[in-house]
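Written out below as structure tokens is the structure these notes cover.
What you see below is based on every heavy atom in this structure, not just the backbone, and it leaves out hydrogens, waters and symmetry mates. Keep in mind that what you see is a predicted model, and the values were worked out from it rather than measured.
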Amino acid sequence: MSSSSQVAESWISSFCNLLGHEYFAEVSEDFIEDDFNLTGLQSQVPMYKEALEMILDVEPEEDDEDEEEEDEDEDEDEILGDERPPGYRRADRRHQRMASDLSVIESSAELLYGLIHQRYITSRPGMQQMAEKYELQHFGVCPRVHCNSAKVLPVGCSDTPGQETVKLFCPSCLDVYTPPNSRFQTVDGAFFGTTFGCLFFMTFPELDIGTPRNHSIQDSSSQTSTSKSRASSSSTTTPSLPPQPALINGVTPANLAPGLGDGNIYEPRIYGFRVNERSRTGPRMRWLRSRPADVNELDEARIFHEQRRIADEAEGQEEEGEDSTMMDAGMEGGGAAVGVPIPRKKAVARRRRAAAANGTAVVGGRGSPMNTNGVGEGG
């Protein structure tokens, strides 16, 4: 006997080492054994218990069904007796039945592991494991030229199994691509899910998405010529950008789609002249590759609250102006003492304006439902 004993490979390791499964992370058994992490999966996977036992390398327990099958076999032997066909073997029939069940359990185990994997890579240990694979460039790079070999991440376009195959998400151009190797085109995209891609880059905002592009002499000369033409055409100089924020929606401005914007969009030219967009061969959908120079424009939440605050202030100033106008009218008519403003609430003013617009008579600051459109005004 040799002193070095070989440890049998687990089902999870063998599954992740299969050809085409390089994108998968090895889910820890502690995560699988926690029932909370498997909530709702029992109704989606056939033969759930047997598939879970196969994933965890647990020996299946002998149930009462096996005993019933043995009793049925014994009864069948008594019925057939000497009339059994030649070559009849009870063990062969049971072996065929077990082989068919094993194939079903194997497919169920792959489906169950994929759904568990979708949840695992959104957890802290799973995210860290995928970050190591991302840094080592296990998922490949973006095929787009202007992204300058930015590393991509496997994602799914649907969380339901059987809908879409796995795609590769590029954080530089914010687009998805089909894996170049055909062996990855059979992997279900639901095993990675729609949440993992964006959550990954929000969890690790310090990752370098794209390397600076090495512009050639031709590119630099063309850019200088276009800059000179733009400067000559515009008489006013472009204003300097305001201070850029440290984070926009959890992402640093340097990692916010660095493969988009000016200089990262292909411009078709003929003998140095740009092709018009109205031409059949002209550029289309250029706005899909646009990126604002001032990233403050992308902070939509802050812009919304600022616009709301400005609108409220303008409305308040307008109502104050109306109140002062009514106060002056009251003093001129003798309806109030000099220097004493007429009290008027904003809500009452809104109701009166609405009632006047609808033609409803106002009694005590409230519209009477019986006096609509001037009906019933007479005594």
Per-pair distances, 0.1 Å, donor-acceptor, side chain in residues 130-141, under 3.5 Å, sequence neighbours excluded:
from	atom 1	to	atom 2	distance (Å)
K133	NZ	E22	O	3.1
Y134	OH	K151	O	3.4

Considering only distance and modelled atom types, tabulate donor-acceptor pairs under 3.5 Å from the side chains of residues 32-40, sequence neighbours left out.
from	atom 1	to	atom 2	distance (Å)
D34	OD1	F36	N	3.2
N37	ND2	F31	O	3.0
T39	OG1	F36	O	2.8

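For C198, there are no side chain to side chain contact (heavy atoms under 4.5 Å, CB included) partners two or more places apart in sequence or in a different chain. Taking the side chain to side chain contact (heavy atoms under 4.5 Å, CB included) definition, one finds that S43 meets it with nothing, sequence neighbours left out.
Between P46 and V104 there is no side-chain heavy-atom pair separated by less than 4.5 Å. Under the 4.5 Å side-chain criterion, counting only non-hydrogen atoms from C-beta, E9 is in contact with N17. Within the 4.5 Å cutoff, the side chain of N181 has no heavy atoms near those of the P179 side chain. L18 places none of its side-chain heavy atoms less than 4.5 Å from the side chain of F24. Looking at heavy atoms from C-beta onward, Q118 lies out of side-chain contact with F196 at the 4.5 angstrom threshold. By the 4.5 Å heavy-atom criterion applied to side chains, S149 and C142 are not counted as neighbours.
Cluster membership for V152 and L260, using ILVMFWY side-chain heavy atoms within less than 4.5 angstrom, is not shared. Cluster membership for I265 and L174, using ILVMFWY side-chain heavy atoms within less than 4.5 angstrom, is not shared. Note on L153 and Y177: separate hydrophobic clusters, where clusters join Ile, Leu, Val, Met, Phe, Trp and Tyr whose side-chain heavy atoms are under 4.5 Å apart, directly or indirectly. Residues L56 and V27 are members of one and the same hydrophobic cluster, defined by side-chain heavy-atom contacts under 4.5 angstrom among Ile, Leu, Val, Met, Phe, Trp and Tyr.
To the nearest 0.5 Å, the span separating CZ on F15 from CD on E106 amounts to 9.0 Å. Atoms OG and CG, on S172 and N264 in that order, are 7.0 Å from each other to the nearest 0.5 Å. Between the CD1 atom in I105 and the CD atom in E50 there is a gap of 5.0 Å [rounded to 0.5 Å]. Taken to the nearest 0.5 Å, the OH atom of Y48 stands 6.0 Å off from the CD atom of Q42. Atom CZ of F204 sits about 13.0 Å away from atom CD1 of I209, to the nearest 0.5 Å. The CG atom of L41 lies 13.5 Å from the OH atom of Y113; values are rounded to the nearest 0.5 Å.
Using modelled atom types and a 3.5 Å distance limit, the side chains of T194 and D159 yield a donor-acceptor pair.
When all heavy atoms of A25 and Y120 are compared, the closest pair comes out as CB-CE2, 4.5 Å. Residues F201 and P171 approach most closely at CZ-CG, 3.4 Å, considering heavy atoms.
Tested against I121, the residues Y23, F192, F200 include a single side chain to side chain contact (heavy atoms under 4.5 Å, CB included) partner, F192.
Looking at H117, its side chain does come within 3.5 Å of a backbone N or O of F191 through a donor-acceptor pair. Between the side chain of D57 and the backbone N or O of W11, at least one donor-acceptor pair lies under 3.5 Å.
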Given the rule in the side-chain contact (heavy atoms from CB on, under 4.5 Å) test, do I12 and I55 qualify, once you have shown the distances and angles that lead to the verdict? CA-CA 6 Å; I12 298 176; I55 293 175; 4.0 Å; yes
Q: Begin with the C-alpha distance, continue with both residues' side-chain angles, and end with the deciding distance and a verdict on side-chain contact (heavy atoms from CB on, under 4.5 Å) for E267 and V275.
A: CA-CA 8 Å; E267 294 184 355; V275 180; over 6 Å; no
Self-check item: side-chain contact (heavy atoms from CB on, under 4.5 Å) between K167 and C157, worked out
Solution: CA-CA 7 Å; K167 307 298 180 183; C157 298; 3.7 Å; yes
Verdict with reasoning, V155 to L168, per side-chain contact (heavy atoms from CB on, under 4.5 Å): CA-CA 6 Å; V155 296; L168 297 176; over 6 Å; no
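Within the structure, side-chain hydrogen bond (donor to acceptor under 3.5 Å, both in side chains) contacts touching residues 182-192 (residues at least two apart or in different chains) do not occur. Contacts classified as side-chain hydrogen bond (donor to acceptor under 3.5 Å, both in side chains) and involving residues 305-314 (residues at least two apart or in different chains) are given here: R302-E306, R309-E313.
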